[in-house]
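Everything below concerns the one structure shown next.
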Amino acid sequence: MEDWRSYDDVAETYGRVHAPRFAEAARDLVDSLRIQEGERVLDVGTGTGAGADEAARTGAKVVGIDRSLGMLSVAHRERPSLPIVAAEVIDLPFRDRTFDVVLGNFVFAQFAKVETALFDITRVLSSGGRIGFTTWSDGKDAFQDTWIELIETVIPRDMLAPAYAGAAPGHDRFKNPQAIEDALRKAGFRHVRTDRKRYQWTYPRDDLVEGLGTWAVGRFARNMLGESSWASFLERARTTFADRFPDPLNDFHDVVIAVGSLPS
């Protein structure tokens with residue numbers, strides 16, 4: 001069985017449905033980091049490159065990394081001038097003190113070992129270098145509740161446990177801004193601060209259903225069901241959402257923006 005945690009098979013959907021909306025949070029993160037023209041910036045977990053693109057708009061020299069070749073393929077097609085590298089955050093293929101800024105848009109909770117990831121990020125940052133992340137800060141809403149209700153009609157709840165815990169092991173922990181601050185300070189960062197901001201993203205109803213399939217539970221279920229059964233499930237999900245919700249849908253989310261810097 002393929003690794004269901006991979007984003008390769010959902011990269012096109014993610015790039016079309018989520019990336020344009022999540023770029024708004026990336027833009028606010030870039031503003032919080034005060035990225036300047038000419039600075040060297042690394043976007044970890046760049047996905048389709050939305051965060052890197054926002055950083056590049058400042059005139060910074062940006063590189064994006066991601067473990068998903070599918071995501072990087074979309075990034076290369078949509079942003080051909082963006083330098084991208086297939087790499088893991090815990091083993092960055094860069095020399096010490098290569099970058100002035102490291103950022104990550106909605107990836108912090110996905111680090112299997114936060115301390116290890118921050119250790120290597122610190123290694124590639126210059127003296128006084130800055131770091132910044134966005135993380136989700138809210139729980140489930142009516143859309144996600146309906147999605148989980150549907151998923152549990154085809155996959156037993158106890159079998160979904162790996163999807164809840166495996167793909168984003170820090171999701172519950174890092175919804176708390178204090179937990180993010182503590183992790184950054186423990187890694188040696190100073191002047192750490194967090195802000196919570198609410199975003200409203202409007203989706204065509206069918207797009208949101210497809211987009212929900214890119215998250216961990218959806219990727220797990222797709223892998224378990226196979227493509228034919230997954231297509232049938234999505235059709236049933238579209239029908240259920242049409243019965244319960246208007247079109248388009250307004251999706252509200254609270255997001256933590258966390259930044260800090262190394263001592264000079």
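What you see is a predicted model, and the numbers here were worked out from it, not measured in a lab.
In summary, Arg57 and Asp53 engage in a salt bridge, as defined by a charged side-chain N under 4.0 Å from a carboxylate O. Using a cutoff of 4.0 Å between basic side-chain nitrogens and carboxylate oxygens, Glu181 and Lys186 are not scored as salt-bridged. By the 4.0 Å N-to-carboxylate-O rule, Arg40 lies close enough to Asp100 to be salt-bridged with it. Ionic pairing of Arg222 and Glu227 is present here: one or more N-O contacts between side-chain nitrogen and carboxylate oxygen are shorter than 4.0 angstrom. Between Glu12 and Arg16 no salt bridge is recorded (no basic side-chain N to carboxylate O distance below 4.0 Å).
Every residue two or more places apart in sequence or in another chain was checked for a side-chain hydrogen bond (donor to acceptor under 3.5 Å, both in side chains) with Glu78, and none qualifies.
Looking only at side-chain heavy atoms (C-beta outward), Asp182 and Val192 stay at 4.5 Å or farther from each other. Counting only heavy atoms from C-beta outward, the side chains of Val256 and Ile180 approach each other to under 4.5 Å. Side-chain contact between Leu42 and Ile65: present, with at least one pair of heavy atoms (C-beta onward) separated by less than 4.5 Å. Side-chain contact between Ser32 and Arg193: present, with at least one pair of heavy atoms (C-beta onward) separated by less than 4.5 Å.
Geometrically, Arg21 does not engage Tyr199 in a cation-pi contact defined by less than 6.0 Å to the ring centre and at most 45° from the axis.
Aromatic pair Phe106/Phe22: ring centres closer than 6.0 Å. Here the two rings, on His171 and Trp136, have centers that are 6.0 Å apart or farther.
With hydrophobic clusters built from ILVMFWY side chains whose heavy atoms lie under 4.5 angstrom apart, Leu92 does not share a cluster with Val62. A continuous path of hydrophobic side-chain contacts links Val44 to Leu125 [ILVMFWY only; heavy atoms under 4.5 Å].
A donor-acceptor contact shorter than 3.5 Å links the side chain of Ser137 to the backbone of Lys175. Proximity of a side-chain donor or acceptor of Asp141 to a complementary backbone N or O of Asp251 within less than 3.5 Å is not detected.
Side chains of Trp201 and Glu24: a donor on one and an acceptor on the other come within 3.5 Å. There is a side-chain donor-acceptor pair under 3.5 Å between Arg236 and Thr153. Judged purely by distance below 3.5 Å, without hydrogens or angles, the side chains of Asn250 and Thr202 pair a donor atom with an acceptor atom.
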